Amino acid sequence: MSDWTSRAARLVDELNEAGKVRSPQWQEAFRVVPRHVFVPEYYQQDGTGTWVTVRTDSPEGLDAVYANRALFTAVDEHGRGVSSSSMPGLMARMLELLDIHRGDRVLEIGTGTGYNAAVLCSVLGDDNVYSVDIDYVDTARERLASLGFAPTLATRDGVLGLPAGAPYDRIEATVAVASIPYAWVQQVREGGLILADLKIGTAAGNLVLLQRDGRVAEGRFDGGYAAFMSMRHPSRVEPPTAPVEVDTSSTVTGVTGVPPKAWEESVPWFLASLSLPEGTTYGFALDTRYTPTAALFTAPDGSRATVSLDGEDGTRECEQSGPHRLWDEVERAYALWEDLGQPSWERFGLTVTAEAQTVWLDDPVRPAWSCPLPE
């Protein structure tokens, strides 16, 4: 495995050139912490959609583990990726956003493989790094210990944080959350920072950096884009997946000028998701040859919308049914976004209190939208 050091150095050079990691402390951390120790193998799909295992003690595996790419590290019985090692570039960008200094105490939500905790330990020391997850903690602890790292790890629901080490200077969530748990606000010090991937719906949201001011945490969304796996909860039993019973009793048809793959424009899709029913998903309607013919949106209440992928003069046919007109909400969000001048992510912010979470534009007194409250 002697070749890993040159690969790690090359990766850091690439991240530096791309502007992902600029601080010497993080550049050095990514050079000296061996990612392959935390990702001894990963999963990828072959041409048939079957998951295959790739060991990272092979040349192919080493190339992959020291590339700027996310790697699936666990797959469940349903063939779904449930854990991954994040892109090093995203990890570095988040560490830079958090403006971490030596002596800071950091809580990581989502231990995963332990790689990010090791990077933190290499700069801050074991005593200043805390990390929680609902799974994989024992394995992460063993891999960290093999390199001489011993941060405080705990197996617990991430929404609870970790009171034992509070107050923290920084809280970093490496999982996506539908709302910011207020426990995190309570556990970060006055003036401390929280960085999390807020996803109020499928692919609907982005990284947001909050600063605590009394009982409030407030800040802006990041100008780039990031996506993490959704946080899982140990006490929550997921109900069996059942087909949505589509309500076709009130079908309406029309035409639209909004692109059918509405989720590809992340800001208006986020605005639409603030009004769409909880649990709305998207995908494609297929013909008999399994070729996509329309974008498909469904909600648990039986609402459904399809928008043709083909059209003339920039318009496409759409069809909606059920108690909620899903595509109408998307069109309203796009129209609002256009009226506001197509604002980018960094113009939006979030305010979190114990009672409410509010999205705003430019400053907290500008047009605001309510976010879902924690369960």
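Numbers here simply count residues along the sequence, with the first being 1. What you see is a predicted model; the values in this text were computed from it and never measured.
- The side-chain hydrogen bond (donor to acceptor under 3.5 Å, both in side chains) check on Thr111 picks up Ser131, with sequence neighbours excluded.
- Partners of Gln25 under the side-chain hydrogen bond (donor to acceptor under 3.5 Å, both in side chains) rule, at least two apart in sequence or in another chain, do not exist in this structure.
- The ring pair (Phe, Tyr, Trp, His ring centres under 6.0 Å) pairs that include a residue from residues 122-176 are Tyr130-Tyr168, where partners are two or more places apart or lie in different chains.
- Asp339 has no carboxylate O lying under 4.0 Å from a charged side-chain N of Arg332, or vice versa, which leaves the two without a salt bridge.
- For the side-chain hydrogen bond (donor to acceptor under 3.5 Å, both in side chains) test, no residue two or more places apart in sequence or in another chain qualifies with Ser275.
- Side-chain heavy-atom separations under 4.5 angstrom define the hydrophobic clusters, and the remaining members of the one that includes Met229 are Tyr43, Trp51, Phe72, Val75.
- Residue pairs meeting the salt bridge (charged side-chain N to carboxylate O under 4.0 Å, His left out) criterion with at least one partner in residues 84-108, sequence neighbours excluded, are Arg93-Asp222.
- Ring planes of Phe30 and Tyr115: perpendicular class, angle over 60° (limits at 30 and 60°).
- The salt bridge (Lys or Arg N to Asp or Glu O under 4.0 Å) check on Arg215 picks up Glu355, with sequence neighbours excluded.
- Evaluation of the ring pair (Phe, Tyr, Trp, His ring centres under 6.0 Å) test over residues 193-230, restricted to residues two or more places apart or in two chains, returns Phe221-Phe270, Phe221-Trp345.
- The side-chain hydrogen bond (donor to acceptor under 3.5 Å, both in side chains) check on Arg35 picks up Ser85, with sequence neighbours excluded.
- Not one N or O on the side chain of Gln44 forms a donor-acceptor pair closer than 3.5 Å with the backbone of Val52.
- Partners of Asp362 according to the salt bridge (Lys or Arg N to Asp or Glu O under 4.0 Å) rule, which considers only residues two or more places apart in sequence or in another chain, are Arg347, Arg366.
- Cluster partners of Trp360 are absent, since no Ile, Leu, Val, Met, Phe, Trp or Tyr has side-chain heavy atoms less than 4.5 Å from it.
- When the salt bridge (Lys or Arg N to Asp or Glu O under 4.0 Å) test is applied to Arg232, no partner is found at least two apart in sequence or on another chain.
- For the pair Gln187 (side chain) and Leu162 (backbone), a donor-acceptor distance under 3.5 Å is present.
- Counting only distance, with no hydrogens or angles, the side chain of Gln357 and the backbone of Ile180 share a donor-acceptor pair below 3.5 Å.
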